[in-house]
Amino acid sequence: MLNAVIYSRVSSESERQDTQRQTSELVEYAQMMRYTIVEIYEEKVSGFKKNEQRPVFSKMLEDISTKKIDKVLVWELSRIGRSVLNSLQNIQVLHDMKVGIYIKNFNLETLNEDKTPNSLAMFMVQILFAVANMES
């Protein structure tokens, strides 16, 4: 059985935005895939902030470095971040720890089952980050 964490983020502190929908859909997916959810991380902070300004994301990375985690589940790619360079660096940090990312809205896995990078998924990730950056 695979161990997974869920990371949900919204940009605004407003009452209108919350992480409930992201988290519940990812919990449902994890249950369907029979993943063990080790932790759920939820944060209200802009994706343009650096990791040092995203305490929950930083805590997740710290926890992953000390726990046996196989996957980070996110609802969409922009939850990792909005800065293309910073986000790709975050993905690389996770890959260096042999932790893949599952991006629900595109059904993408960044690592193959053997923990090697999924080249096609990473190509898509780079394109999607560029598009997301232009949108914002």
Side-chain angles (χ1 to χ4, degrees):
M1 197 176 296
L2 293 176
N3 290 332
V5 297
I6 290 172
Y7 179 73
S8 299
R9 182 186 63 74
V10 293
S11 298
S12 171
E13 293 282 338
S14 84
E15 295 293 318
R16 293 190 341 245
Q17 285 192 344
D18 68 35
T19 57
Q20 182 179 356
R21 180 172 150 229
Q22 293 175 46
T23 300
S24 63
E25 286 187 23
L26 292 168
V27 166
E28 187 177 297
Y29 174 78
Q31 290 170 341
M32 181 182 73
M33 298 301 292
R34 300 190 188 280
Y35 296 160
T36 299
I37 300 172
V38 175
E39 190 78 44
I40 295 173
Y41 299 90
E42 297 176 308
E43 188 162 45
K44 288 187 176 191
V45 65
S46 169
F48 284 108
K49 302 273 186 188
K50 294 187 189 279
N51 288 359
E52 307 83 61
Q53 299 167 305
R54 297 171 63 190
V56 175
F57 188 81
S58 295
K59 172 78 170 123
M60 179 187 73
L61 290 178
E62 182 182 314
D63 289 352
I64 287 172
S65 72
T66 62
K67 295 178 181 174
K68 173 68 176 104
I69 303 299
D70 300 293
K71 287 186 191 295
V72 174
L73 310 178
V74 295
W75 195 67
E76 65 180 34
L77 190 57
S78 65
R79 302 307 88 193
I80 297 295
R82 292 279 188 183
S83 160
V84 177
L85 180 59
N86 191 38
S87 298
L88 289 173
Q89 288 171 336
N90 286 332
I91 291 171
Q92 188 60 52
V93 165
L94 290 166
H95 284 185
D96 289 347
M97 292 187 283
K98 303 294 185 200
V99 176
I101 302 169
Y102 171 74
I103 304 142
K104 185 178 185 317
N105 71 329
F106 287 105
N107 195 32
L108 281 178
E109 295 271 1
T110 63
L111 288 184
N112 296 312
E113 286 186 26
D114 65 358
K115 303 285 187 175
T116 59
N118 179 334
S119 299
L120 182 57
M122 289 309 299
F123 175 69
M124 290 291 299
V125 161
Q126 291 175 30
I127 291 170
L128 293 168
F129 270 134
V131 170
N133 195 44
M134 287 174 22
E135 286 177 347
S136 57

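We use all heavy atoms of the structure for the numbers below, so side chains are in, but hydrogens, waters and symmetry mates are not.
Screening residues 71-97 for ring pair (Phe, Tyr, Trp, His ring centres under 6.0 Å), with sequence neighbours left out, gives no hits.
Ring pair Tyr29/Tyr102 is parallel by interplanar angle, where below 30° counts as parallel and above 60° as perpendicular.
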**Study point:** From CA spacing to verdict: side chain to side chain contact (heavy atoms under 4.5 Å, CB included), Glu43, Met60
**Key:** CA-CA 11 Å; Glu43 188 162 45; Met60 179 187 73; over 6 Å; no
Practice item. Decide side chain to side chain contact (heavy atoms under 4.5 Å, CB included) for Gln92 and Leu88; before the verdict, give the C-alpha distance in whole Å, the side-chain angles of both, and the deciding distance to 0.1 Å. Key: CA-CA 6 Å; Gln92 188 60 52; Leu88 289 173; over 6 Å; no
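One distance of note links CD1 of Ile40 with CG of Leu26; it measures 9.0 Å at 0.5 Å rounding. Rounded to the nearest 0.5 angstrom, Ile103 CD1 and Leu77 CG are separated by 5.0 Å. In this structure, CG on Asn105 lies 8.0 Å from CG on Leu128, to the nearest 0.5 angstrom. Atoms CG and CG, from Asn90 and Leu61 in turn, are 6.0 Å apart once rounded to the nearest 0.5 Å. Put simply, OG1 on Thr110 and CG on Leu94 are 7.5 Å apart, with the number rounded to the nearest 0.5 Å. Atom CE of Met33 is separated from atom CG of Leu73 by 9.5 Å, given to the nearest 0.5 angstrom.
Closest approach of Gln53 and Val45 over heavy atoms only: O-CG2, 3.7 Å. The minimum heavy-atom distance between Ile69 and Val99, with the atom names listed, is O-CG2, 3.3 Å. Across every non-hydrogen atom of Lys49 and Arg54, the tightest pair is O-CD, 3.4 Å. Looking at every heavy atom in both residues, Ser8 comes nearest to Thr19 through CB-CB, 3.7 Å. The minimum heavy-atom distance between Tyr7 and Val56, with the atom names listed, is CE1-CG1, 4.3 Å.
With sequence neighbours excluded, the residues that form a side chain to side chain contact (heavy atoms under 4.5 Å, CB included) with Val93 are Met97. Under the rule for a side chain to side chain contact (heavy atoms under 4.5 Å, CB included), the partners of Lys98 that lie at least two apart in sequence or sit in another chain are Lys115. In this structure Glu25 satisfies the salt bridge (Lys or Arg N to Asp or Glu O under 4.0 Å) test together with Arg21, Lys104, sequence neighbours excluded. In this view, Ser87 satisfies the side-chain hydrogen bond (donor to acceptor under 3.5 Å, both in side chains) rule with no residue, not counting sequence neighbours. Annotation: side-chain hydrogen bond (donor to acceptor under 3.5 Å, both in side chains) contacts of Lys59 (sequence neighbours excluded): Asp63. Residues passing the side chain to side chain contact (heavy atoms under 4.5 Å, CB included) test with Leu2 are Tyr35, Asp70, Lys71, sequence neighbours excluded. With sequence neighbours excluded, the residues that form a salt bridge (Lys or Arg N to Asp or Glu O under 4.0 Å) with Arg79 are Glu76. Considering only residues two or more places apart in sequence or on other chains, Lys50 meets the salt bridge (Lys or Arg N to Asp or Glu O under 4.0 Å) condition with none of them. In terms of the side chain to side chain contact (heavy atoms under 4.5 Å, CB included) criterion, residue partners of Asp114 (sequence neighbours excluded) are, by chain and number, Asn112, Thr116. Looking at residues two or more places apart in sequence or on another chain, you find no side-chain hydrogen bond (donor to acceptor under 3.5 Å, both in side chains) involving Gln22.
Residue Ile64 is grouped with residue Val74 when hydrophobic side chains (ILVMFWY) are merged at heavy-atom distances under 4.5 angstrom, including chains of intermediate members. Phe129 and Phe57 fall within a single hydrophobic cluster, where Ile, Leu, Val, Met, Phe, Trp and Tyr side chains are chained together by heavy-atom contacts under 4.5 Å. Residues Val84 and Met124 share a single hydrophobic cluster, defined by chaining ILVMFWY side chains whose heavy atoms lie under 4.5 Å apart. Residue Phe106 is not grouped with residue Ile127 when hydrophobic side chains (ILVMFWY) are merged at heavy-atom distances under 4.5 angstrom, including chains of intermediate members. Under a hydrophobic clustering in which Ile, Leu, Val, Met, Phe, Trp and Tyr are joined whenever their side-chain heavy atoms come within less than 4.5 Å, directly or via other members, Leu108 and Ile101 fall into the same cluster.
Counting Ile, Leu, Val, Met, Phe, Trp and Tyr side chains that sit under 4.5 Å apart, directly or through other members, Leu111 stands alone, with no cluster partners.
Judged by distance alone, with hydrogens and angles left aside, the side-chain atoms of Arg9 form a donor-acceptor pair with the main-chain N or O of Ser78 at under 3.5 Å. The main-chain N or O of Val38 is never found under 3.5 Å from a side-chain atom of Asn3 such that the two would form a donor-acceptor pair.
Within a 6.0 Å sphere centred on CD of Gln20, heavy atoms belonging to other residues, nucleotides or ligands number 12 at most.
By the 4.5 Å heavy-atom criterion applied to side chains, Met122 and Ile91 are counted as neighbours.
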